[in-house]
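In listed order, ligands and their atoms are each counted from 1. Scope of the values below: all heavy atoms of this structure, side chains included, with no hydrogens, waters or symmetry mates.
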Amino acid sequence: MLLYNSLSRTREEFTPIEPGKVKMYTCGPTVYHFAHIGNLRTYIMEDVLEKTFRYLGYDVTRVMNITDVGHLASDADTGEDKMLKGARRENKSVMEIAQFYTDAFFTDCTKLNIKRPDIVEPATNCIDEYIEIVSTLIEKGSAYLAGGNVYFDTSTLKQYYVFNDHNEEDLAVGVREGVEEDTNKRNKNDFVLWFTKSKFEDQALKWDSPWGVGYPGWHIECSGISLKHLGGSLDLHAGGIDNAFPHHTNEIAQSESYLGHKWCNYWFHVHHLNTDTGKMSKSKGEFLTVSLLESKGYDPMAYRFFCLQSHYRRNLVFSWENLDNAVAAYNKLIARIAALKSEGEVDADALAALKAGFTEALENDLNTSLAVTAVYDVLKAKTNDATKLAALADFDAVLSLNLISAAEALRQKQAEAKAEAQAEAGDPEILAAIAARAAAKKERNFAEADRIRDELAARGIILIDSREGTTYRIEA
Ligand code: AMP
Ligand code: ZN
């Protein structure tokens, strides 16, 4: 499989450390608010990546953190803890907020058919792991204590900007306009591993450490959780593109300094969902959630379809018009699948050919838009419906668009609508009998007219004659 690696900035052949196995880590949500549909774009594409690995036969172990402490308002270690901000906004405790938004996150994931990672670990569960890593980093001379906090010393690295396709000015987070400079830092890009001093004395969650009572920095959480569950070598690490710097850059710095060797081979970054005013973001306050889409009548599957139609390494522009187009395309697709009949035998050769096209799209740097095209190729293929349905069911193991179940639900809805329309207009067979009786009466053939009425009555169908004509009721 060819996959773009942010480390080499090229598409590389994916080769796992252990043949047949993939160790995968993905940055999880900061649970101080609902996930917005931009965050969920990232999780949808990571889900497709995981399912692609499984489709290709790999045994995948995927770990995800839940950030419930330490992620400050600015990624550059300044500002208030986002969790504290959420708790204050809602007049609840930090742990209540964490539980509520963690549950809300997984509810959204379920609606979008995003599989739960094998291991989900809240950051507050692994304090001992962070302390161990930070202690080792201090011993090795990679970290220092200043002003009560422990900082990572970026000057000890051969190369800090590992994803250096950024421009230098963007990288200098510590000196960005509006961001206060932390005078404890020896180098502008040094970052906090452990806080004991913070301007915000009401920091809710604190733990004992060799450096005083405090709390971990955001970056150390992902290193600690990954090392705990996946060991010292990782195949692939994923996240949104905004996480590449400083978050992932700092994760690499601290993990590799701690381990003394390369940590992770492939870095997978999903580009942003933008609105016409720029990146959709939680901190801007205005953002769209899955529940909001549902309240406007949108099926979450249509949003997943919308995401799959574009490549993960391109920004995706959200507009209601674009979403409406995706809804129309998705509904039309499901209607076409609903029209297939599950008759005939599956043609193994035709199925293999269809699967080859689909696999080729995914192996081409996870080209989901071509994978969606492969779905249309199935519908156009010169093969029987049973083969088409088998191919669609197979593809849906990766796409998770409910291709088969939504089509089945539509078929059922169509059958119910037909029955309902019939019930309203009347049963055609009974209506024909009523017409025959009226014709017999007209010809003064009353014996035939009575015979028809009695025959219907024997079946519990009672005729009601009035000036307007004859109707019927069915006896219980
Ligand atoms: P957070 O909950 O803020 O830590 O973010 C969760 C994930 O969503 C991270 O992987 C972010 O990189 C990603 N993310 C944030 N904003 C967007 C966006 N507008 N589009 C796509 N992914 C995003
Ligand atoms: Zn992370």
Side-chain angles (χ1 to χ4, degrees), residues 6 24-47 49 62-75 79 81-83 85-86 97-98 101-102 104-106 108-109 112 114 117 120-123 126 130 163 191 216-230 234 236-255 263-264 267-290 303 306-307 310-318:
S6 304
M24 175 172 175
Y25 184 88
T26 43
C27 290
T30 306
V31 284
Y32 71 111
H33 219 319
F34 291 108
H36 59 63
I37 59 171
N39 301 129
L40 289 159
R41 177 194 190 195
T42 293
Y43 297 111
I44 287 171
M45 300 320 284
E46 291 167 349
D47 180 65
L49 178 65
R62 178 167 166 205
V63 177
M64 189 173 85
N65 65 299
I66 299 287
T67 299
D68 52 2
V69 69
H71 193 174
L72 304 191
S74 150
D75 287 356
D81 188 317
K82 291 186 179 188
M83 292 303 298
K85 209 169 146 187
I97 288 285
Y101 288 112
T102 301
F105 173 71
F106 286 113
D108 287 346
C109 287
L112 290 164
I114 298 169
V120 174
E121 183 83 279
C126 302
Y130 315 141
F163 305 116
F191 55 93
W218 171 41
H219 317 298
I220 197 73
E221 296 173 5
C222 286
S223 290
I225 292 169
S226 176
L227 292 170
K228 175 179 173 184
H229 292 291
L230 296 166
L234 190 58
L236 183 137
H237 192 310
I241 188 70
D242 59 319
N243 282 165
F245 187 83
H247 185 50
H248 293 161
T249 302
N250 291 351
E251 279 187 48
I252 293 172
Q254 66 206 3
S255 297
W263 172 46
C264 175
W267 288 82
F268 176 88
H269 289 121
V270 181
H271 287 242
H272 284 146
L273 180 78
N274 292 332
T275 60
D276 50 7
T277 56
K279 178 192 157 197
M280 189 171 290
S281 100
K282 276 190 236 184
S283 50
K284 277 194 204 159
E286 255 191 32
F287 56 80
L288 301 174
T289 60
V290 170
Y303 180 65
F306 172 68
C307 290
S310 78
H311 194 252
Y312 75 93
R313 279 197 299 114
R314 288 200 173 177
N315 287 340
L316 177 59
V317 178
F318 178 86

Starting at NE2 of H237, measure out to CZ of F268 and round the result to the nearest 0.5 Å.
-> 13.0 Å
Selection from T26, N39, V31, T67 by shortest heavy-atom distance to atom 5 (O) of ligand 1 | N39
Heavy-atom side-chain proximity of H272 to I241 below 4.5 angstrom = yes
Report the C-alpha separation of F306 and L316 in whole Å, then their side-chain angles, then the decisive distance to 0.1 Å, and conclude whether the side chain to side chain contact (heavy atoms under 4.5 Å, CB included) test is met.
-> CA-CA 9 Å; F306 172 68; L316 177 59; 3.7 Å; yes
Numbering the atoms of ligand 1 from 1, which are under 4.0 Å from a heavy atom of T30?
-> 1 (P), 2 (O), 4 (O)
Mutual orientation of the aromatic rings belonging to W218 and H247 [parallel < 30°, tilted 30-60°, perpendicular > 60°] = parallel
Using heavy-atom distances, let me know which of A238, G38, G278, G28 sits nearest atom 23 (C) of ligand 1.
-> G38
By residue and atom, what protein N/O/S atoms are less than 2.8 Å from the Zn ion (ligand 2)?
-> C27 SG, C222 SG, H247 NE2
Compute whether any side-chain donor of one residue and acceptor of the other, for Q254 and H219, lie under 3.5 angstrom apart.
-> no
Could you tell me which atoms of ligand 1, counted from 1 in the order shown, lie closer than 4.0 angstrom to a heavy atom of T42?
-> 10 (O), 13 (C), 21 (C), 22 (N), 23 (C)
The reported gap from OG in S226 to CE in M64 (rounded to nearest 0.5 angstrom) is 13.5 Å
Below 3.5 angstrom, do we get any N/O pair linking G239 and ligand 1?
-> no
Rounded to the nearest 0.5 Å, how far does CD of E121 lie from OG1 of T67?
-> 11.5 Å
Is ligand 1 less than 4.0 angstrom away from at least one heavy atom of H36?
-> yes
Would you say ligand 1 has an N or O under 3.5 Å from any N or O of N243?
-> yes
Supply the atom-to-atom distance I114 CD1 to T42 OG1, rounded to the nearest 0.5 angstrom.
-> 10.0 Å
State whether the shortest distance between N or O atoms of C27 and N or O atoms of ligand 1 falls below 3.5 angstrom.
-> no
With under 30° as parallel and over 60° as perpendicular, where do the rings of F163 and H269 fit, or are they tilted in between?
-> perpendicular
Short N or O distance, H272 and ligand 1, threshold 3.5 Å exclusive = no
For H271 and ligand 1, does the shortest N/O to N/O distance drop below 3.5 Å?
-> no
Please determine, by modelled atom types, if Y25 and N65 share a side-chain donor-acceptor pair under 3.5 angstrom.
-> yes
So among L273, I44, L112, which one has a side-chain contact (heavy atoms from CB on, under 4.5 Å) with I37?
-> L273
Would you say ligand 1 has an N or O under 3.5 Å from any N or O of P29?
-> no
Strictly under 4.0 Å, does any heavy atom of D242 approach an atom of ligand 1?
-> yes
Mind checking salt bridge (Lys or Arg N to Asp or Glu O under 4.0 Å) for D47 and listing every partner two or more places apart, or none if nothing turns up?
-> K51, R304
Polar atom proximity, L273 to ligand 1 (N or O, under 3.5 Å) = yes
